[in-house]
Amino acid sequence: MRTYLKDLNKIEDGKDIDVYGWVQESRKIKKLLFLILRDNTGIIQVTVKEENVNNYDEVYGITRESVINVKGTVNKKSVSKQGIEILAREVQVLNAAETPLPMGIIDRVSADFDTRLNNRFIDLRKIDNALIFRFESELLFFIREYMHSEGFIEVHTPKIVAAATEGGADLFPVSYFEKKAYLNQSPQLYKEILMGSGFDKVFEVGPAFRAEKENTIRHLNEFTSIDVEMSFSDDEYVMGILENSIKYSINNVIDNIGDLLNENGYGIKKISVPFPRVTYSELIEYLQKNNFEIKFGDDFSPEASKFISRKYDNFYFITKWPAELRPFYTMPDKNNRDITNSFDLQLGDIEVCSGAQRIHNYELLEENFLKKGLNKNSFDFYIKAFKFGMPPHAGWGLGLERLVMNILKLNNVRESTLFPRDRSRLSP
RNA sequence: GCCUCGGUAGUGUAGCGGCCUAUCAUACGGGCCUGUCGAGCCCGUGACUCGGGUUCAAAUCCCGGCCGAGGCGCCA
């Protein structure tokens, strides 16, 4: 029976063992051979002596990153640094790796990020890189758990659509039999239709596509969006859902794999709520006082965002954005039509989530279509749902890769994407 | 899309008009070594992004293409 390497220290000294993995290194001293074996859970030294195996020559010539099976006994009195090793009785080469490797796994030379991505299957053999995705998985698990505990149901909306969600962003066209279609940039419109269907609380985890020609460390053309929509709710309430889900998730992940993250250089701390809130207008004033050339209605430049982020050492909300900076479906403030019941969640200088109370009134929505210069007719499938009993509602969309990137303090969103799609990368 | 910078062995780099038959590390191949663990020692293989041009002479300068990194605009 297979044993995972992380479980080896639970096994008694001298017991028979059967392990599988990759040969990370081999150190040869004539009639003595040390293999460093790695599996998904850890590493172990395998000591191979000529007199103990019947294919010593084959094992001696084994290449790095070959996949092998080792049967042998656990030696807990090993003089190796790990203090534990496997004395091999049988080493079977399941699949030999070619040499040289496209890039090293444990070599004392770095590789460019481009080289790493071109050889992502190897890059992900590095524990610290793979751990990013373990972290992402855990994070998402607990966000889902939180959502379920709050009565949300997980839904799946189409990614091939006939019209733009928000009008502004560029879409990837696809050919849909005899029609023209697009890859959806957001599940927004479908989430809202589901509010009209009485689903009350929904969330979705799925891909979103943006055909924007960005070339930055925080943009992807395909990313994973965690979307939430909730009926009879407003911006304030869903901000609470957001901060609580993040708190719940991060704190649970730390309980689970906090040590592992620390060992690999991802020092993260538990967080508490509520997150600080600051209005857009307050920040505009703050920036103006600090000699930034910015006025109400402007978005924050990256430089301004960096400046603002110095005031906060963790998550914070920027609320009450001007209507002109927000999509057509965003609810205006009832006392001031120039601002909206909207928010962004920031971590550091990067926006990880954006949300709002939505317009539920048909006439107001129609008016906003005109204001934003959108063609109402192409949104018929959506706007129809507002005529026959649409409840007030609010929600948000959270960029998963950006969230992971920022929590783990990675310096590029592509680091938290298995196979990133950016301005120029379409493979692997 | 605009701007800046860059492309030298499998990988990461040095060299930036003639000392280049191109540096160093790492990897790779071979040899020595029975407890290594960044193993060590010896030997070896291996590269100037492509196309034009300038020059007696180009990895090095100029123009263009291709590829990449980052910044901006925009956004999650």
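Both backbone and side-chain heavy atoms feed into the values below; hydrogens, waters and symmetry mates do not. Worth saying up front: this structure is predicted, and the values here are computed from it rather than measured. Below, chains carry the letters A, B, ... as their sequence lines are ordered, and counting in each starts from 1.
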Nucleotide pairing, RNA chain B (Watson-Crick or G-U, distances under 3.5 Å), in dot-bracket with [ ] and |: (((((((..(((.....[.....))).(((((.......)))))....(((((..]....))))))))))))....
So, OP1 or OP2 of [N]: does either fall under 4.0 Å of a side-chain N or O from [X]?
X: A:R210; N: B:C75; result: no
X: A:T115; N: B:G12; result: yes
X: A:R423; N: B:G1; result: yes

Side chain A:Q45 and base B:U36 donor-acceptor under 3.5 Å: yes
Nearest-nucleotide pick for A:E351, side chain only, options being B:G35, B:A76, B:U34: B:A76
Which nucleotide in B:G1, B:U36, B:U34 has an atom nearest any side-chain atom of A:F34: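 In terms of side-chain proximity for A:F34, the closest of B:G1, B:U36, B:U34 is B:U36.
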Distance check, [atom1] atoms only: [N] and [M], in whole angstrom units.
N: B:C37; M: B:C50; atom1: P; value: 41 Å
N: B:C62; M: B:C74; atom1: P; value: 34 Å
N: B:C20; M: B:G53; atom1: P; value: 28 Å
N: B:U13; M: B:C72; atom1: C1'; value: 30 Å
N: B:C16; M: B:U23; atom1: P; value: 14 Å
N: B:A22; M: B:U60; atom1: C1'; value: 12 Å
N: B:A58; M: B:U21; atom1: P; value: 11 Å
N: B:G65; M: B:G73; atom1: P; value: 26 Å

Any side-chain donor near an acceptor of the partner, A:S416 and A:E136, under 3.5 Å: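 A:S416 vs A:E136: no donor-acceptor pair found between side chains.
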Whole angstrom value for the distance that separates [atom2] of [N] from [atom1] of [X]:
X: A:L32; N: B:A39; atom1: CG; atom2: P; result: 15 Å
X: A:I29; N: B:G40; atom1: CD1; atom2: P; result: 11 Å
X: A:I106; N: B:U36; atom1: CD1; atom2: C1'; result: 13 Å
X: A:H219; N: B:G1; atom1: NE2; atom2: P; result: 16 Å
X: A:I318; N: B:A76; atom1: CD1; atom2: C1'; result: 14 Å
X: A:Y56; N: B:U34; atom1: OH; atom2: P; result: 10 Å
X: A:L325; N: B:C75; atom1: CG; atom2: P; result: 7 Å
X: A:D349; N: B:A76; atom1: CG; atom2: P; result: 16 Å

Using a 4.0 Å heavy-atom cut-off, does [X] contact any base of the nucleic acid, only the sugar-phosphate backbone, or nothing at all?
X: A:V79; value: base
X: A:E25; value: sugar-phosphate
X: A:S80; value: base
X: A:E85; value: base

Verify the neighbour count for atom [atom1] of [X]: are there more than 12 heavy atoms of other residues, nucleotides or ligands below 6.0 Å?
X: A:K269; atom1: NZ; value: no
X: A:K76; atom1: NZ; value: yes
X: A:E303; atom1: CD; value: no
X: A:F381; atom1: CZ; value: yes

Upstream residue (5' side of RNA chain B) when A:G399 and A:S78 are each assigned their closest nucleotide: A:S78
5′-ward residue of the pair A:R116/A:E51 relative to RNA chain B: A:R116
Can you confirm if the aromatic rings of [Y] and [X] lie within a centre distance of less than 6.0 Å?
X: A:F369; Y: A:F328; answer: yes
X: A:F292; Y: A:F307; answer: yes
X: A:H360; Y: A:Y329; answer: no
X: A:F296; Y: A:Y280; answer: yes

Closest contact, heavy atoms only, [X] versus [Y]:
X: A:R337; Y: A:L364; answer: NH2-CD1, 3.3 Å
X: A:F133; Y: A:E415; answer: CZ-O, 3.5 Å
X: A:V23; Y: A:T63; answer: CB-O, 4.1 Å
X: A:P187; Y: A:T157; answer: CB-OG1, 3.4 Å

Stacking of A:F223 on B:A76 base (centres under 5.5 Å, planes under 30°): yes
side-chain hydrogen bond (donor to acceptor under 3.5 Å, both in side chains) between A:H393 and A:E192, worked out: CA-CA 8 Å; A:H393 58 282; A:E192 292 196 70; 2.7 Å; yes
Heavy-atom protein contacts under 4.0 Å, nucleotides 64-72 of chain B, coded B base, S sugar-phosphate only, - none: ----S-BBB
With 3.5 Å as the limit, what N/O pairs link the protein to nucleotides 27-32 of chain B?
residue, atom, partner, partner atom, Å
B:A27, O3', A:R64, NH2, 3.3
B:C28, OP1, A:R64, NE, 3.2

